[in-house]
Amino acid sequence: MTETVTSRLDGLRRSIPQGIILVAVSKFHPVEALREAYDAGQRVFGESRANELVEKARNLPSDISWHFIGHLQTNKVRAIVPHVDLIHSVDSERLLRLIDNEALRINRSIDVLMQLHVAREETKFGLTPDEMISLLTPQFIGSLKAVRITGVMGMASNVDDERRITADFREIRHTFDILSQGTFASHPEFSVVSMGMSHDWPLAVAQGANMIRVGTTIFGEREY
Ligand SMILES: *Cc1c(COP(=O)(O)O)cnc(C)c1O
């Protein structure tokens, strides 16, 4: 049997435990591939480029929940804010303020995840656990008007060593737990731990992910 987006999505859904939100990462794939996933019931899609997200949002049904998962440049905030439900990749106070101002301006409320940097690679974006914990004071989150911080996102080191990957996911989850018992203790909306991709999501789920971002397993290899 040839594999299709539908069959791969069905297979994946059967292997994901209940209660875990699947973000179908559709970056670089054509609208037709997303349409097939949509027809198979998928409603949450993740994109990593602002222009591509906007273009796809305009060409697909309006009940799709669009997540922005890539590095967000400040000059792209205005373009995506009308379309996204969740931004996974906020890693500075400046970016958070910009999103807040823009959402306020168009009278929208936007949820964001704060991106953690725990992986060994130098190139990855995100705040270290210490930086994040110091930034997210009650005063600071109380000053946001149109943005709700609903959790954290992170990536494990890009290695084969499963112990290393597991340790990275454990650190992300641990940082979430510190925040949810501290600054966010009276904020039940702070509930999302977004971690795990095609090759490592089972390890992420074992460490307490409740949102996973899977592209290749559903749509096949990307052409850059
Ligand atoms: C591309 C991407 C993914 C999905 O990666 P796959 O290996 O194709 O599952 C997940 N998260 C982020 C941040 C990405 O950029």
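In what follows, residues are counted from 1 in the order of the sequence shown. Remember, it's 1-based here, ligands and their atoms both numbered in the order they're listed.
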Under-4.0 Å salt bridge between Asp39 and Arg35: no
Taking the basic N atoms (NZ, or NE/NH1/NH2) and the acidic carboxylate oxygens, is any pair closer than 4.0 Å for Asp177 and Arg173? yes
Where on Arg222 is there a heavy atom closer than 4.0 Å to ligand 1, on the side chain, on the backbone, on both, or on neither? side chain
Hydrogens and angles aside, do Thr6 and Glu36 bring a side-chain donor and acceptor to less than 3.5 Å of each other? yes
So, Glu47 and Ser26: side-chain donor and acceptor under 3.5 Å apart, yes or no? yes
Can you list the ligand 1 atoms lying under 4.0 Å from a non-hydrogen atom of [X]?
X	answer
Thr216	6 (P), 7 (O), 8 (O), 9 (O)
Gly215	4 (C), 6 (P), 8 (O), 9 (O)
Arg213	4 (C), 9 (O), 10 (C), 11 (N), 12 (C), 13 (C)
Val214	9 (O)

Give a yes/no on ligand 1: does His88 have at least one heavy atom closer than 4.0 angstrom to it? no
Which residue is it: His88, His67, Arg148? I am looking for the one with a side-chain hydrogen bond (donor to acceptor under 3.5 Å, both in side chains) to Asp111. Arg148
Purely on distance, is any nitrogen or oxygen of Ser48 under 3.5 Å from one on ligand 1? no
I'd like to know whether Arg164 forms a salt bridge (charged side-chain N to carboxylate O under 4.0 Å, His left out) with Asp168, so could you lay out the CA-CA distance, the side-chain angles of the two residues, the decisive distance to 0.1 Å, and finally the verdict. CA-CA 6 Å; Arg164 173 80 253 145; Asp168 288 347; 2.8 Å; yes
